[in-house]
Participant: 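Here it is: the structure, laid out below.
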Amino acid sequence: QAQLVESGGGLVQPGGSMRLSCAASERAFTLRTMGWFRQAPGKEREFVAAISWRGVSTRYADSVKDRFTITRDNTQNRVFLQTHSLKPEDTAVYYCGASTTWSNAGDIGEYTYWGQGTQVTVSS
């Protein structure tokens, strides 16, 4: 059974950092592009970052470039999102997703499996 479970969310002050983690089952992780998306209240789910199967290639939304870093550990079936310089507009539920393609890594429609999400709130 394919399964993704996010963790690491919470409340952080503006300018702070947070590390999100996504634990995946073998089926949802092996040979797959992994991505992070987020959804703020009243908005569509949007692409944040993606990483290719071997971790050689990464892709970021312009809004998070130079502040967020996506990595993966293929020995533990985990993908991470390290965030820095957080802003109130980063507040959202963050979702981990798994895709079979890299070429359209920013396209939500390419993702087959999803986690339940973890809430990140940036507020003073």
Participant: Using the side-chain contact (heavy atoms from CB on, under 4.5 Å) rule, pick out the option among Gln3, Arg32, Gln1 that qualifies with Tyr113.
Facilitator: Arg32

Participant: Stepwise, does the side chain to side chain contact (heavy atoms under 4.5 Å, CB included) test hold for Thr91 with Gln119?
Facilitator: CA-CA 8 Å; Thr91 295; Gln119 175 71 48; 4.0 Å; yes

Participant: Going by side-chain contact (heavy atoms from CB on, under 4.5 Å), name the residues that satisfy it together with Thr75, two or more places apart in sequence or in a different chain.
Facilitator: Asp73

Participant: Where do Leu81 and Ala49 come nearest, in terms of heavy atoms and distance?
Facilitator: CD1-CB, 4.2 Å

Participant: Taking the side chain from Thr101 and the backbone from Ser103, do they hold a donor-acceptor pair closer than 3.5 Å?
Facilitator: no

Participant: Verify the cluster assignment for Val56 and Phe80: are they in a single hydrophobic cluster under the rule of side-chain heavy atoms below 4.5 Å apart?
Facilitator: no

Participant: Where is the tightest heavy-atom contact between Ala98 and Met34, given as atom of each residue plus distance?
Facilitator: CB-SD, 3.7 Å

Participant: Name all pairs fulfilling the side-chain hydrogen bond (donor to acceptor under 3.5 Å, both in side chains) condition that reach into residues 11-23, sequence neighbours left out, sorted by first residue then second.
Facilitator: Ser17-His84, Ser21-Arg78

Participant: Testing the basics here: between Ser124 and Pro14, what is the closest heavy-atom pair and its distance to 0.1 Å?
Facilitator: N-CD, 3.7 Å

Participant: Check whether any side-chain N or O of Glu6 sits under 3.5 Å from a backbone N or O of Gln116 as a donor-acceptor pair, and report yes or no.
Facilitator: yes

Participant: If you compare all heavy atoms of Gly9 against all heavy atoms of Thr118, which two are closest, and at what distance to 0.1 Å?
Facilitator: N-OG1, 3.2 Å

Participant: Rounded to the nearest 0.5 Å, what separation is found between the CZ atom of Arg27 and the CG atom of Asn77?
Facilitator: 14.0 Å

Participant: Can Tyr95 and Gln39 be said to form a side chain to side chain contact (heavy atoms under 4.5 Å, CB included), step by step?
Facilitator: CA-CA 8 Å; Tyr95 296 91; Gln39 188 167 17; 4.1 Å; yes

Participant: Checking Ile70 against Val79 for the side chain to side chain contact (heavy atoms under 4.5 Å, CB included) test, could you report, in this order, the C-alpha distance in whole Å, the side-chain angles of both residues, the deciding distance, and whether it holds?
Facilitator: CA-CA 7 Å; Ile70 187 171; Val79 61; 3.9 Å; yes

Participant: Taking side-chain contact (heavy atoms from CB on, under 4.5 Å) as the test, write out the residues that go with Arg67, two or more places apart.
Facilitator: Val64, Ser85, Lys87, Asp90

Participant: Just to verify, what does Glu89 make a side chain to side chain donor-acceptor pair (under 3.5 Å) with, not counting sequence neighbours?
Facilitator: none

Participant: Test: ring pair (Phe, Tyr, Trp, His ring centres under 6.0 Å). Region: residues 32-71. Which pairs qualify, not counting sequence neighbours?
Facilitator: Phe37-Phe47, Phe37-Tyr111, Phe37-Trp114

Participant: Mind listing the closest non-hydrogen atom pair of Ala105 and Arg59 along with its distance?
Facilitator: N-NH1, 3.4 Å

Participant: Write down the atom of Thr58, the atom of Ile51, and the distance for their closest heavy-atom approach.
Facilitator: CG2-CG1, 3.9 Å

Participant: Please, which pairs that meet ring pair (Phe, Tyr, Trp, His ring centres under 6.0 Å) have at least one residue in residues 4-29, sequence neighbours excluded?
Facilitator: none

